[in-house]
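So the structure is just underneath, and the comments pick up after that.
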Amino acid sequence: MYAFLSELLSDHKGSTVFTCFGFWHFCWLIGMALGAVAIILYLRKKDNTVRRRFIMAAIHLAASLYIADFFLMPFAYGAIDVEKLPFHVCTAMCVMCFWSRHSSILRTYAPQFALLGFVSNLVYLIYPAGVMWHQVHPISYRVIQTLMFHSVMTLYGLLTLTFEPIPINRIQCRRNLAAIALMTLWAMLGNALYADHYSFNWFFVVRDPFSMLPAEIGPFVMPFINIVLFFAVELLVCAIFGTVRKRTAKQPALHN
């Protein structure tokens with residue numbers, strides 16, 4: 001059984017490889033976009049109960065994909081990949097989004113976790129460098145699992161922002177900023193704990209991913225740059241959703 005699963009899930013090499021902005025990448029993005037639009041159009045005609053079910057189904061599916069990956073990685077890669085621990089924003093927000101939907105304490109911050117998860121996972125889908133670097137066939141477990149996880153997380157965030165809108169006011173802005181700051185501190189902790197054996201640069205708090213800043217100052221400035229940049233992007237996303245909602249939304253928003 002191990003040999004069968006290892007052969008099935010391991011990286012497949014060949015003349016065709018998954019590349020950023022290549023044919024297979026664009027096919028995935030187009031398919032995801034069409035699917036998301038279809039779901040939103042369907043839910044616009046439904047009541048809040050149906051919408052909640054879809055939102056809950058999305059985060060449950062994302063969490064299931066994330067947890068299942070830890071059991072399947074030994075077959076696919078020969079070991080559990082430490083980089084997939086929840087210290088990067090995409091994986092951490094999966095945990096926090098799931099937790100916030102089942103905890104009365106964190107429920108208030110469910111929209112903030114969804115917003116941060118939406119931004120981070122969408123960025124990864126647009127530029128999935130982690131998949132591209134391995135130069136594997138598009139029909140490989142590594143590619144399918146990674147893109148599917150980030151797609152479901154993006155869909156969860158999209159549905160939340162569409163039907164549970166975040167207004168741009170002082171309270172919500174403080175919560176958005178707090179979620180980003182806590183994520184930054186959490187990533188700094190993860191990078192510090194594993195620094196002796198690994199260099200993952202979780203949440204880009206150790207070094208500039210574009211190598212525009214000197215490596216020696218990266219750990220001191222990147223946490224602050226991340227907070228400012230993500231907060232600005234989140235404000236922009238909320239403004240865009242608010243503008244679109246004012247022009248097109250006809251259904252009442254969900255309320256926790």
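Throughout, residue positions are numbered sequentially from 1 according to the sequence presented. The shown structure was predicted, so the numbers you read here are calculated from the model rather than taken from an experiment. All values below were derived from every heavy atom in this structure, side-chain atoms included, with hydrogens, water molecules and symmetry-related copies excluded.
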- Task: Test side chain to side chain contact (heavy atoms under 4.5 Å, CB included) on Val233 and Leu236 and set out the steps.
- Result: CA-CA 5 Å; Val233 172; Leu236 178 61; 5.6 Å; no
- Message: Could you go through Met73 and Gln145, starting from their C-alpha distance and side-chain angles, then the distance that decides it, and tell me whether this counts as side chain to side chain contact (heavy atoms under 4.5 Å, CB included)?
- Response: CA-CA 10 Å; Met73 277 190 281; Gln145 192 281 334; over 6 Å; no
- Could you please spell out the steps behind the side chain to side chain contact (heavy atoms under 4.5 Å, CB included) verdict for Met153 and Cys90? CA-CA 8 Å; Met153 280 298 299; Cys90 296; over 6 Å; no
- Is there a side chain to side chain contact (heavy atoms under 4.5 Å, CB included) between Ile39 and Phe54 once you walk through the steps? CA-CA 9 Å; Ile39 292 174; Phe54 267 78; 4.0 Å; yes
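Within a 6.0 Å radius of CD in Glu7, no more than 12 heavy atoms belonging to other residues, nucleotides or ligands are found. Atom CG of Leu34 has more than 12 heavy atoms from other residues, nucleotides or ligands within 6.0 Å.
The backbone N or O of Asn201 sits less than 3.5 Å from a side-chain atom of Asn191, completing a donor-acceptor pair. Judged purely by atom type and a 3.5 angstrom limit, Ser10 uses its side chain to pair as donor or acceptor with the backbone of Ser6. In this structure a side-chain-to-backbone donor-acceptor pair under 3.5 Å is present from Trp202 to Glu83. Panel note: side chain Thr160, backbone Pro111; no donor-acceptor pair is recorded below 3.5 Å. Counting only distance, with no hydrogens or angles, the side chain of Arg51 and the backbone of Leu43 share a donor-acceptor pair below 3.5 Å.
Both Leu115 and Ile126 sit in one connected hydrophobic cluster of ILVMFWY residues. Membership requires side-chain heavy atoms under 4.5 Å apart, directly or through other members. Each of Phe210 and Val205 belongs to its own hydrophobic cluster when Ile, Leu, Val, Met, Phe, Trp and Tyr are linked at side-chain heavy-atom distances under 4.5 angstrom. A single hydrophobic cluster is not seen to contain both Leu159 and Leu41; linkage of ILVMFWY side chains at heavy-atom distances under 4.5 Å, directly or through other members, places them apart. A continuous path of hydrophobic side-chain contacts links Leu193 to Ile80 [ILVMFWY only; heavy atoms under 4.5 Å]. Both Phe204 and Ile217 are assigned to one and the same hydrophobic cluster, defined by single-linkage of ILVMFWY side chains at heavy-atom distances under 4.5 Å.
Residues His197 and Val82 are not in side-chain contact: their nearest non-hydrogen atoms beyond the backbone lie 4.5 Å or more apart. In this structure, Asp208 and Met222 have side chains that are in contact, with non-hydrogen atoms separated by less than 4.5 Å. Contact of the Met96 side chain with the Tyr109 side chain is not registered, since no non-hydrogen atoms from C-beta on lie closer than 4.5 Å. Side-chain contact between Leu61 and Leu155 is absent, with no heavy-atom pair separated by less than 4.5 Å. The shortest distance between side-chain heavy atoms of Leu85 and Tyr194 falls below 4.5 Å. Proximity of Phe23 to Cys27: side-chain heavy atoms (C-beta onward) are separated by under 4.5 Å at one or more points. Between Asn121 and Phe149 there is a side-chain heavy-atom pair separated by less than 4.5 Å. Contact check for Ile180 versus Asn226: no side-chain heavy atoms found under the 4.5 Å cut-off.
For Cys238 against Ile168, the heavy-atom pair with the smallest separation is CB-CG1, 3.8 Å. Across Leu158 and Thr162, no two heavy atoms sit closer than the pair O-OG1, 2.6 Å. For the pair Ile139 and Trp24, the tightest heavy-atom approach, listed with the atom from each and the gap, is CD1-CZ3, 4.1 Å. The minimum heavy-atom distance between Phe18 and Val143, with the atom names listed, is CD1-CG1, 3.8 Å. Nearest heavy-atom pair, Thr19 versus Met132, reported as atom, atom and distance to 0.1 Å: CA-CG, 4.3 Å. The minimum heavy-atom distance linking Val136 with Lys13 is given by the pair CG1-NZ, 3.7 Å.
Distance CG/Leu106 to CD/Gln112: 11.5 Å, rounded to 0.5 Å. In this structure, OG1 on Thr146 lies 10.5 Å from CG on Leu65, to the nearest 0.5 angstrom. Distance check, rounded to the nearest 0.5 Å: NZ of Lys45 to CD1 of Ile40 gives 14.0 Å. Between atom CZ of residue Phe224 and atom CG of residue Leu229 there is a gap of 15.0 Å, rounded to the nearest 0.5 Å. To the nearest 0.5 Å, atom OG1 of residue Thr184 and atom CE of residue Met188 are 8.0 Å apart. To the nearest 0.5 angstrom, Cys94 atom SG is 14.0 Å from His88 atom NE2.
For Ser151 and Trp28, the side-chain atoms include at least one donor-acceptor pair closer than 3.5 Å.
Trp99 has its ring centre no less than 6.0 Å from the ring centre of Phe113. Note: Phe203 and Phe87 fail the aromatic proximity criterion, with ring centroids not under 6.0 Å apart. You'll find the ring centres of Phe71 and Phe75 outside the 6.0 Å limit.
Considering only residues two or more places apart in sequence or on other chains, Phe21 meets the ring-ring contact (aromatic ring centres under 6.0 Å, His included) condition with His25.
Note on ring orientation: taking the six-membered ring where Trp is involved, the planes of Tyr66 and Phe70 are perpendicular (angle over 60°, cut-offs 30° and 60°).
Through direct or indirect side-chain contacts shorter than 4.5 Å among Ile, Leu, Val, Met, Phe, Trp and Tyr, Ile105 is connected to no other residue.
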